[in-house]
Amino acid sequence: MTFKELQELVKLINKSNLTEFKMKDGEFELSIRTNKHQKQKQKQQAAPQQPAANAPQTAPIIQMPPVQQPYSPPAPQPAPAPPPAKPAAEAPAQEPPKTDGNKQEESKYLEIRSPIVGTFYRSSSPEKAPYAKVGDTIEVGQVVCIVEAMKLFNEIESELAGKVVKVMVEDAQPVEYDQVLFLIDPEG
Amino acid sequence: MTFKELQELVKLINKSNLTEFKMKDGEFELSIRTNKHQKQKQKQQAAPQQPAANAPQTAPIIQMPPVQQPYSPPAPQPAPAPPPAKPAAEAPAQEPPKTDGNKQEESKYLEIRSPIVGTFYRSSSPEKAPYAKVGDTIEVGQVVCIVEAMKLFNEIESELAGKVVKVMVEDAQPVEYDQVLFLIDPEG
Amino acid sequence: MFHKVLIANRGEIALRIIRTCREMGIQTVAVYSTADRESLHVRFADEAVCIGPPSSTESYLSVPRIMAAVEITNADAIHPGYGFLSENADFAEVCAEYGIKFIGPTPEQIRKMGDKITAKETMVKAGVPVIPGSDGLVKDLKSGKKIAKDIGYPIILKATAGGGGKGMRIVWEEAEFEPNWDRARQEAKAAFGNDGIYIEKFIEEPRHIEFQIAGDQKGKVVHLSERDCSIQRRHQKLVEECPSPFMTDELREEMGKAAVQAGEAIKYEGVGTVEFLVDKYRNFYFMEMNTRIQVEHPVTEEVIDHDLIKEQIKIAAGELITGGNYYPNAHAIECRINAEDPFNDFRPSPGKISSFHSSKGHGVRVDTHVYAGYNIPPYYDSMVAKLICRAPTREECIKKMERALDEFIIEGVKTTVPFHQRLMKNEHFRAGNFHTGFLNDFDLTAEPKK
Amino acid sequence: MFHKVLIANRGEIALRIIRTCREMGIQTVAVYSTADRESLHVRFADEAVCIGPPSSTESYLSVPRIMAAVEITNADAIHPGYGFLSENADFAEVCAEYGIKFIGPTPEQIRKMGDKITAKETMVKAGVPVIPGSDGLVKDLKSGKKIAKDIGYPIILKATAGGGGKGMRIVWEEAEFEPNWDRARQEAKAAFGNDGIYIEKFIEEPRHIEFQIAGDQKGKVVHLSERDCSIQRRHQKLVEECPSPFMTDELREEMGKAAVQAGEAIKYEGVGTVEFLVDKYRNFYFMEMNTRIQVEHPVTEEVIDHDLIKEQIKIAAGELITGGNYYPNAHAIECRINAEDPFNDFRPSPGKISSFHSSKGHGVRVDTHVYAGYNIPPYYDSMVAKLICRAPTREECIKKMERALDEFIIEGVKTTVPFHQRLMKNEHFRAGNFHTGFLNDFDLTAEPKK
C-alpha cells in the first residue's frame with residue numbers, strides 16, 4: 001500500500017462511522033467495527049443541514065435534497081458495484097428528510113465557519129493540545145484550529161468571543177467552505 | 001485483495017448496519033455481526049422510498065393552465081401569422097386564470113351537458129322556433145336541442161326538469177363532449 | 001400536403017405526431033377523454049376536442065365521436081397513432097367515405113394483414129418464409145408423424161383450443177412423437193374439451209427481429225433495417241434496439257429482402273413492420289405484419305436520421321419514395337418506462353407523479369407526455385416514457401443508457417427504471433446473448449453482477 | 001484512464017462533463033459556490049465540495065480553493081470546462097506541479113494562443129492567413145497611404161487607444177485616405193489623448209466561422225469541420241450552426257487545412273477552436289484560437305455523431321487520434337437561451353424559474369442545469385440552456401427549431417426564447433444571408449414576416 005493510498009484510507013475511515021478498523025498485511029487480516037449508535041449517525045448527517053434547506057418551498061422539478069454539506073463521503077458509486085435500485089444520481093433524494101432539530105437546540109449559539117476548503121486540524125501537531133476544546137473561552141482573533149490546504153497550514157482565527165460549546169468536525173477531517181467548525185456560546 | 005477492493009469493502013461496510021466484520025486472508029476467515037435493532041434498519045430503508053410523502057409542495061414542471069373547455073376557437077396558429085412572443089403552445093399558459101365567479105353564481109342551477117361531440121342547433125331548422133329558450137319550463141325527456149354529428153341529427157333530451165336560465169352555446173356552434181349546453185333552475 | 005391533421009390517439013404518440021406536424025407546418029387537432037384533460041397532447045395541439053368519458057370505447061375507440069371531432073374542426077386527415085383504431089379497417093373505410101385521409105394503409109391492406117391465416121397465405125405466395133406446420137388440424141398419429149418428419153424436428157404440438165401453454169408439447173425426435181401426441185391430446189381434452197391438435201416447427205431460442213418498411217402509393221417498398229425486440233415479458237416488448245446484436249450483413253440482406261417482398265405483395269402503402277422469429281441457426285420466419293407506426297419506431301429514427309412520422313405523412317399525402325433501403329449508422333436502444341412495479345410482478349402503478357426529471361444530453365431522447373404533477377390515469381396503458389439512447393457502438397450505447405437511467409427521476413409512482421438498470425448490467429444482455437425467453441430466467445431481485 | 005475527475009466549473013457545462021464521465025465510468029467531483037448549492041451539477045456528481053462564496057474570484061476562479069478540493073477528494077484530473085480557469089496557463093501549471101492532469105492543452109500552448117500578438121506571429125509562420133495590417137503604429141500620412149495600397153482597399157483606421165468604435169474609420173479608396181486619416185487622428189486625440197493610429201484590412205460583411213480541431217499528445221491534429229457563429233450581439237454569440245450556410249466544399253478544405261496547420265504549429269493537445277473571419281469574397285483570416293471546449297461544441301457533436309468531451313478526456317489520458325477529419329452528416333443549430341429580456345436591450349433577468357419544460361423529441365437536445373424552482377443567481381453568466389436541433393437539411397432544422405422553441409417553457413424570468421423565435425422567421429436568416437453585423441439591423445420589436 002502506498003502512502004497516498006494509506007492517506008486516503010485513513011481519511012475514508014475517519015469520515016466514516018466506523019468505530020474500529022484493524023488490518024494486518026502479512027497474510028492479510030482485517031477487523032472493522034462500526035458505530036452501534038444509529039442515533040449518532042443520523043445526528044452527524046443532520047447537523048450540517050444548511051439554512052438553505054429552510055428556504056421554504058422551492059418546489060422544484062426535482063425535489064432537491066439538502067445539499068451535502070459539510071463534505072460527506074461520496075454517495076454510492078455507480079462504477080464499482082452499483083446498487084441499481086439506488087443510483088448515485090438519485091441517492092441524495094432518498095436520504096431521509098433531515099430534521100432541523102439540532103439546529104433549533106443550538107440556535108442560541110454562534111458558529112465559527114471554515115473560510116476555506118481543506119483539512120481540519122485541532123492542533124498544530126498530533127502531540128500538541130487542541131487550540132480550542134469544549135468549555136474553553138475564546139476571544140476574537142484567537143486561533144481555534146488549522147485548515148490545511150495545498151500544504152499551507154492556515155490558522156483560523158475566531159471572529160467572535162464566547163465559550164466553545166461543541167466542536168463540529170473531527171480532527172484531520174476534510175472541511176468545505178462555510179462548514180460549521182465550532183459552536184460558540186456568546187454568553188458563556 | 002487490491003486497494004480498490006479494500007476501499008470498496010470499507011464503504012460497503014460503512015453503509016451497512018453491520019456491527020462487526022472480520023476477515024483473514026491466509027486460509028480465509030470471516031466473521032460478521034449484524035445490527036440487532038432490526039427496527040431501526042427497516043426505518044432507515046423505508047424512509048427514503050417515499051420522499052414524496054413528506055413533500056407536500058410539488059409544483060408541476062408545467063403550471064397546467066385551466067384546460068380549454070368548452071371547445072373554444074383554436075389558439076392563434078403559428079402557421080399563418082404567428083405572434084412569436086405567444087406561440088400556440090404557450091398560449092393557454094398565458095391566459096388569465098379563469099375565475100370560478102360564474103360558476104359560483106350559477107351553482108344553484110343544474111347543467112344539461114352534451115353527451116356527444118358535434119354541432120349544436122337550437123331548433124330543427126332555421127325557420128323553426130328553438131326547442132328551449134330562456135324562461136321555458138322543461139320536463140325530463142323533453143328535447144332541448146339537436147347535436148349534429150356525421151349527418152345525424154341527435155335530439156338531446158333533458159334528464160332534468162326546471163326552468164331554462166341560460167343557453168350556454170350559440171346556435172350552430174361546435175360542442176365537445178361534456179360541454180354545458182343549458183343552465184336549469186330546478187326550482188323554477 | 002394536409003392542412004389540418006386530427007390525431008386519434010393520446011399520450012406520448014399523440015404528442016410525437018403533433019411535434020412533427022408543427023415542423024411540417026400542418027395544424028393539429030387533439031382529441032381527448034375527460035381523463036386526459038391535463039395531458040400534454042391536449043396542450044400542445046393547436047386545437048383540442050373532448051370526445052368522451054375515460055372509457056376507451058366511448059372515446060378513443062369510438063369512430064362516430066372521432067369523426068364528429070373531425071367535422072367540427074375541419075381536419076382533412078387523421079393520424080391514428082398505434083393501438084386504438086390504428087389497425088381498424090372499418091375506421092379506415094369510414095375515413096375514406098368522408099373524404100378524410102387516413103394516414104396509414106388502405107382498409108384492404110389492413111384486412112389482409114389483420115387476419116393471421118390470410119396474412120400467412122399471402123406471405124407463402126410472396127415467397128416469404130413462414131413457420132412450417134400442419135395445414136390445420138392433424139388427422140391422426142400416422143399423418144402427424146409424417147408431417148413432423150417433413151417439417152423436421154424439433155416440432156411443437158399445439159391444442160387448437162389452447163392458450164397459456166396448456167396442451168403444448170415440444171417433440172425433439174421421432175421416437176418421442178407418439179407418447180407426446182397422446183399426452184397432448186389428453187391434456188387438450190381435459191383442459192378445453194377439444195383434442196384437436198396442430199403441428200408447428202419449434203423455433204429454438206427465438207429472437208423477435210422485425211423490419212421497418214415503407215411503401216408509397218405507387219407500390220414501391222423499401223426497408224429501413226431491423227429492430228431487435230427480444231427483450232419481452234409475456235409478449236410485451238420492454239427494450240428494443242438497432243442493430244440487432246444477432247444480425248449479420250448477410251442476414252440483414254436476406255430478411256430485408258423478405259420484408260420488402262411482404263410489402264410488395266400487398267402493394268403496401270405507408271410505414272409498417274414485418275415481424276419475424278429468428279432461430280438460433282439464423283433461420284427466420286414471418287410472424288405478422290403491423291400496419292401502423294410502432295411504439296419502438298424512434299430506435300430506427302435514431303440510427304437512420306429520419307423522422308418516420310414525417311415520412312408516413314408524406315407518403316399519405318402521395319409523395320413517392322425516391323431512395324433505397326436504409327442502414328443503421330449508429331446504435332440505438334429504447335427502454336420503455338412503464339408505471340409498473342418491477343419488484344411486484346410489474347403491477348401497474350397509476351397515480352400522481354410528484355417529481356419528474358427527464359434525462360438529457362448528447363444522444364439521449366425522451367418521448368413522454370407526463371410531467372411533475374401529472375396524474376397517470378388507470379384507464380389506459382402504463383407506458384409513461386420512452387428513453388432512447390444513441391451512440392456509435394452498442395457498448396457505448398449501453399453505458400449511455402445506464403447514465404440516462406440513473407439521471408431519470410420519476411417519483412410518486414413505481415416505474416420500470418430499476419428493471420432497466422439491472423438489465424443493462426446483465427452480462428448476457430451486454431453480450432447480446434438473449435432471446436424471447438430471456439426474462440423467464442432473469443432474476444430481477446438478485447443483485448446485478450458487476 | 002482517470003479515476004476521478006474534478007470539474008472546476010458550474011452550470012450546464014459541469015453537468016455536461018459529469019454525464020460523459022459517468023458514461024466512461026469515471027468518478028466525478030463537483031465544486032460549487034454557496035450560490036450554486038441547488039444546481040444540478042452539485043446533485044449529479046458523485047461528490048461535491050463547496051469551495052467559496054458566490055464571488056467567482058473566491059470560488060470558481062480561485063486556484064488554491066480548487067486545488068484544496070482536489071486534495072481532499074483525491075481527484076487525479078481536472079476538467080476546466082469553458083470560461084473561468086479554462087484558459088489560465090498558471091492554473092494548468094499548478095495542476096502539473098501537483099501531478100493532477102489538466103484536461104486541456106499544456107500551459108505553454110495556452111500562453112502561445114492567449115497572447116494575441118504571439119498567436120498572430122505563430123500563425124503567419126505556419127502559413128495561416130491573418131488580417132493584413134500595419135506593423136504597429138503608422139508613422140505618417142505618406143507611409144499610411146503606402147501600407148493601405150499594399151493591403152488593398154477598403155482598409156480601416158483604428159486608434160491604438162481606441163475602443164467602442166471611436167477613432168475607427170473605414171476608407172474605401174485612396175482618394176479618401178487623407179481626410180479620414182486626419183479625422184481619425186483628431187478623434188483619437190480628443191477621445192483618448194493619444195493619436196496613434198494603425199491600419200487593418202477592412203473585412204466586408206464578415207462572418208464568424210470557426211473550426212473545431214483536436215490534437216493528440218503526439219502532435220497529430222485533425223479538424224471536425226466548421227461552426228458558423230455570425231449571429232452575435234455585441235460580440236456575444238447567440239446562435240451557432242454547422243454546416244455554415246456560407247460554406248462551400250472548397251472553402252471547407254482550405255479553411256480546414258489552415259486550422260490543422262494552426263494546431264500543428266503549436267503541437268496542440270486537446271480540443272480547440274480556430275476562429276476565422278470570412279469576408280464576402282470568401283477570403284478568410286485567422287482571428288484567434290480558443291484552447292478549450294466551447295459553449296457551442298454540441299453543434300459539432302450533433303453533426304459528426306461523436307462526444308467531444310469524451311474525445312477530450314481520451315486525448316488527455318494519452319489516447320491517440322486514429323481517424324482523419326470529420327465532416328457534417330446532418331445540419332445542427334444551437335440557440336443559446338439566456339435569462340435576458342430581448343425586448344429590453346437584453347437586460348439580465350435573474351430570479352426564480354417558476355415553471356420549466358424543456359423541448360423534446362427526435363433531433364432535439366437541451367443542455368441545461370436549471371429546473372422549475374431553480375433560482376438563477378445574479379453572479380454568473382445568464383445562459384440557462386442550450387437548445388440544439390438536428391435535421392437532415394438546414395430548412396428542416398430551422399423548422400424543428402421553431403417547433404422546439406414553441407415547446408420550450410420557462411416562466412418566472414425573461415429569456416431570449418422570443419428573440420430566437422423571431423430570428424428563425426427572419427427571411428435573411430432563413431436564406432443564410434447574414435454576417436456579424438446582422439443583428440444591428442434586425443428589428444426585434446417588429447412583427448416577424450411569414
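Below, read A as the first sequence line, B as the second, and so on, with proteins coming before strands; counting in each chain starts at 1.
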Glu139(B), CD atom: more than 12 neighbouring heavy atoms under 6.0 Å: no
So if I take each residue of residues 118-132 of chain B and look for any heavy atom under 4.5 Å from a heavy atom in chain C, which residues do I end up with? Gly118(B), Thr119(B)
Counting heavy atoms not belonging to Lys101(C), are there more than 12 under 6.0 Å from its NZ? yes
Enter the distance from Arg37(C):CZ to Asp178(B):CG here, rounded to the nearest 0.5 Å. 6.0 Å
So if I take each residue of residues 140-149 of chain B and look for any heavy atom under 4.5 Å from a heavy atom in chain C, which residues do I end up with? Glu148(B), Ala149(B)
Note, Glu176(B) side chain near Ile72(C) side chain (heavy atom, < 4.5 Å): no
If every non-hydrogen atom of Tyr177(B) is compared with every non-hydrogen atom of Ile51(C), which pair is closest and at what distance? CB-C, 3.3 Å
Quick check: do Met150(B) and Tyr98(C) have side-chain heavy atoms less than 4.5 Å from each other? yes
Under 4.5 Å to a heavy atom of chain B? For Val31(C) that would be neither
